[in-house]
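This report concerns only the one structure given below.
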Amino acid sequence: MCDIETVCKIANCLEMAPGEVKLNDEQIVTRTFKNKVVTGFANILNKLAKESNSEIAKNSYHNREVEAQVYQWVEFAVLYVSPGSKDKHIAQQLLRDFNKLLLSKSYLVGHFLTIADLAIFYAIYDLMKSLSPIDKENYLNLSRWFDHLQQRPEIRQDKEILNFTTIYLHGWATGTHM
């Protein structure tokens with residue numbers, strides 16, 4: 001998740017040139033732009049958002065409280081969500097927690113799309129892709145949030161649109177009822 005591809009996708013969402021993004025000798029993602037080097041996924045996203053004039057970037061730095069919450073979510077994506085999504089039991093707990101959090105919220109921070117949403121979206125994309133239709137229905141709030149984000153072409157980019165319609169269940173179900 002905290003890789004070169006994700007940095008480039010988020011830069012694109014922020015309407016920014018990603019610059020030269022690569023892994024350094026310690027395998028940490030690094031961005032070089034205009035002879036300035038920034039190391040670390042969260043630091044790179046922070047710098048991209050501060051350089052951008054996009055609506056998402058402005059939402060991410062609306063005020064100091066929002067800025068701090070966004071940074072915490074990005075760090076959470078790096079430290080827990082990305083590695084945790086590879087472990088079945090941790091992944092299930094993450095999905096339950098996100099589903100509960102999104103019960104009364106449309107976005108992770110405030111009332112607008114921020115880089116926190118982008119970081120989490122890309123961190124859980126493969127996990128969401130692996131869910132069955134029944135699993136997706138068990139996480140209705142998370143599914144609603146995820147589907148809302150994936151419908152935006154600038155966020156989805158080259159990723160496949162995942163199916164969240166309940167009509168899909170009829171074709172997926174193997175049993176018949178009389």
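Just so it is clear, the values below take in all heavy atoms, side chains as well, and ignore hydrogens, waters and symmetry mates. Just so we're clear, the structure is a prediction, and the values are computed from it rather than from any experiment.
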Donor-acceptor check, side chain of [X] to backbone of [Y], threshold 3.5 angstrom: yes or no?
| X | Y | answer |
| --- | --- | --- |
| R144 | Y139 | no |
| Q157 | E154 | yes |
| N59 | E55 | yes |
| Y122 | I155 | yes |
| N99 | L140 | yes |
| S52 | L14 | yes |
| T6 | I4 | no |

Can you find a pair of side-chain heavy atoms, one from E51 and one from F33, that are under 4.5 Å apart?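 Heavy-atom side-chain distance check passes, below 4.5 Å.
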I161 side chain near N163 side chain, heavy-atom distance below 4.5 Å: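 They are not in side-chain contact.
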Pair [X] + [Y]: basic N to acidic O under 4.0 Å:
| X | Y | answer |
| --- | --- | --- |
| R31 | E20 | no |
| K50 | E67 | yes |
| K86 | D126 | no |

Measure across A123 and A77 and return the closest heavy-atom pair with its distance rounded to 0.1 Å.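 Closest pair (atom of A123, atom of A77, distance): CB-CB, 4.5 Å.
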Tell me the closest heavy-atom pair linking I124 and V81, and the distance in Å.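 Looking at all heavy atoms of both residues, the shortest contact is CG2-CG1, 3.5 Å.
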To the nearest 0.5 Å, tell me how far L118 CG sits from N12 CG.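 One gets 10.5 Å once the value is rounded to the nearest 0.5 Å.
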Distance in Å, F164 CZ paired with L142 CG, rounded so as to fall on 0.5 Å steps: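 Nearest 0.5 Å value for the CZ-CG distance: 7.5 Å.
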Can N46 and Y61 be counted as having a side-chain donor-acceptor contact under 3.5 angstrom?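 Present: a donor and an acceptor within the cut-off.
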Test applied, side chain to side chain donor-acceptor pair (under 3.5 Å); reference residue, D117; option that passes from W145, Y107, W73: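 Option passing the side chain to side chain donor-acceptor pair (under 3.5 Å) with D117: W145.
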Output, in order, the C-alpha distance, side-chain angles, deciding distance and verdict of salt bridge (charged side-chain N to carboxylate O under 4.0 Å, His left out) for K136 and D147. CA-CA 11 Å; K136 289 175 186 169; D147 190 42; over 6 Å; no
